[in-house]
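Working notes for the structure below.
In this text the structure is predicted, and so the values were computed from the model without any measurement. A, B, ... follow the sequence lines: proteins, then strands. Residue 1 opens every chain.
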Number of protein chains: 2
Amino acid sequence: MTAASAGPGAVRPGGRTARVRAAVLRAAGDALAEGGLAGLDLADVARRAEVGRTTVYRRWGSPANLVADLLADMAEQSLPRTETGTLAGDLRANARLVQRTLADARQGALFKAMIAAATCDEQAAAALHRFYDTRVTEWEPCARQAVARGELPEGTDTREVIRAVSAPLYYRLLTTGEPLDEAAADRAADAAVAAAKAGVFVTAQP
Amino acid sequence: MTAASAGPGAVRPGGRTARVRAAVLRAAGDALAEGGLAGLDLADVARRAEVGRTTVYRRWGSPANLVADLLADMAEQSLPRTETGTLAGDLRANARLVQRTLADARQGALFKAMIAAATCDEQAAAALHRFYDTRVTEWEPCARQAVARGELPEGTDTREVIRAVSAPLYYRLLTTGEPLDEAAADRAADAAVAAAKAGVFVTAQP
DNA sequence: TCACTAACGGGACACAAGTTCCGTTAAGAT
DNA sequence: ATCTTAACGGAACTTGTGTCCCGTTAGTGA
């Protein structure tokens, strides 16, 4: 067992290695946005990144692995959260952010491709779950504060409230051809608020 | 332009051709359930279906096409709908049905794979949209009747109510590792009811 | 029942995806 | 500045996916 048993990039992660990783992830994102998961050819990614084909095969090995790494990279980049003072305002802000992201040609295609990868590969799925966990954790305080303000009942599952906002937007993106507009975003936020205020997300505790 | 210009299976759809199609779709379903979209190798499908490799390549050509055909086949098989007399009861029945389908190992994997295929291929996407359109149309009467009974406000977008039930279940299936249990199904149905009663799905009309 | 030909299926083939080998470059430690 | 070796990258090689050709099987109409 040598020092390199953890795989390439673990012992000398700086300099050239980091440059190669950045270029490859960039190229992979481009390829995914253009052709979806099916269009993710490792040889093509290597060409786009101007990197040796061997390197890509050695470090990532499969499209799913590459997507998993890309997701891990994206989970680190966090967006600032808005605070409006009311649950409805905060959730609308969240819904608009999600809607704008998914409606964007490049980003939307990228997310669709990553979801597709997660359905094929266990490792990509784990990375995707971590990604959404991070995002939910970022926005959870909105719902927490709403409970503190008395807008929502005590015992509300605050993470579930945040997820309820995104769900209809993703469902629409994946199962219908209809465009994701602002009206859809507002509807998603309002539906989550109505359900949460009705106590649907209160968890029974013994 | 010959009689066969519409592709194989168009002129003599009966007998052997139908048998081959059934065997291939069956095998494709198995392969998808086991290995996801990435595991859908046409040569492998041919082997499972005990059919010539050439035949599969000629009639379907690509994994996405095969999935599209599988979806078209599934859209034809319709499940009976329950009627309980209240919106909450009907939507819970719907939610439970979706939940049971997605929680089932084979069916769940199959649906995930088909969603993945829809993100890669335009034709598969169209087939998927048609599939969900069919399902929504089947359940829409629940919401229509609720409007007629006065349970929901006039002007409610009834299709959107039905979609609101499935959305959280699919979102959970795709973005978290958590299991889809009956509690999640009931919560999804209750949330849709609360939002619909609050008038979130009323469409403004000039 | 027979003729016609659509559709199937085995085998040979072309090409691209992925692997292995080994020399070259540069990160990190002293 | 120098040394060690992790990581890169070109080229040859292997594997298997998808195509083409053509003989065989069986659906459909007379």
Side-chain angles (χ1 to χ4, degrees), chain A residues 1-28 31-32 34-69 117 120-121 123, chain B residues 1-28 31-32 35-69 117 120-121 123-124:
Chain A
M1 176 152 162
T2 74
S5 64
V11 178
R12 288 180 183 174
R16 178 172 59 170
T17 301
R19 258 189 330 270
V20 165
R21 178 170 181 247
V24 169
L25 291 187
R26 181 87 222 286
L32 280 177
E34 280 175 35
L37 183 64
L40 191 65
D41 176 28
L42 295 205
D44 177 55
V45 169
R47 222 173 300 125
R48 287 171 186 256
E50 296 183 323
V51 151
R53 238 178 43 231
T54 314
T55 301
V56 178
Y57 280 110
R58 181 171 34 222
R59 281 194 60 180
W60 289 279
S62 75
N65 265 319
L66 190 47
V67 171
D69 198 22
C120 299
D121 179 82
Q123 209 175 338
Chain B
M1 176 151 164
T2 75
S5 64
V11 178
R12 287 179 184 174
R16 177 172 59 170
T17 301
R19 256 185 337 267
V20 165
R21 178 170 180 249
V24 169
L25 292 187
R26 181 85 224 286
L32 280 177
L37 183 65
L40 191 66
D41 176 28
L42 296 205
D44 178 55
V45 169
R47 221 173 301 125
R48 287 170 185 256
E50 296 183 324
V51 150
R53 235 180 41 215
T54 314
T55 301
V56 178
Y57 279 110
R58 182 171 34 222
R59 281 193 60 181
W60 289 278
S62 74
N65 265 320
L66 190 48
V67 171
D69 198 22
C120 297
D121 179 81
Q123 209 175 338

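Minimum heavy-atom separation, B/Ala38 to A/Cys120: N-SG, 3.6 Å. Smallest separation of non-hydrogen atoms from B/Val45 and B/Ala31: CG2-CB, 4.4 Å. Heavy-atom minimum distance, B/Val56 versus B/Ala46: CG2-CB, 3.7 Å. Minimum heavy-atom separation, B/Ala64 to B/Ala124: O-CB, 3.9 Å. The shortest non-hydrogen separation linking B/Ala23 to B/Ala49 is O-CB, 3.6 Å.
Two residues are said to be in side-chain contact when any heavy atoms from C-beta on lie closer than 4.5 Å; A/Leu32 and A/Leu66 fail this criterion.
Atoms CD (A/Glu50) and C1' (D/dG10) sit 16 Å apart, rounded to a whole Å.
The CG atom of B/Asp41 sits 9.5 Å away from atom CZ of B/Arg53, with the distance rounded to the nearest 0.5 Å.
Note on A/Tyr57: every side-chain N or O is 4.0 Å or more away from OP1 and OP2 of C/dT19.
Between A/Asp69 and A/Arg21 there is a salt bridge, since at least one side-chain N of the basic residue sits less than 4.0 Å from a carboxylate O of the acidic one.
Interface residues of residues 36-49 of chain A facing DNA chain D, ordered by number: none; criterion, heavy-atom separation under 4.0 Å. Against DNA chain D, the stretch residues 17-27 of chain A makes heavy-atom approaches under 4.0 Å through A/Thr17, A/Val20.
In the displayed structure, A/Arg48 atom CZ is contacted under 6.0 Å by more than 12 heavy atoms of other residues, nucleotides or ligands.
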Collect all protein-nucleotide pairs involving nucleotides 21-25 of chain C in which both atoms are nitrogen or oxygen and the distance is under 3.5 Å.
unit_1, atom_1, unit_2, atom_2, d
C/dT25, O2, A/Arg16, NH2, 3.0

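For A/Arg53 and C/dG18, a side-chain-to-base donor-acceptor distance below 3.5 Å is present, hydrogens and geometry of angles not being considered.
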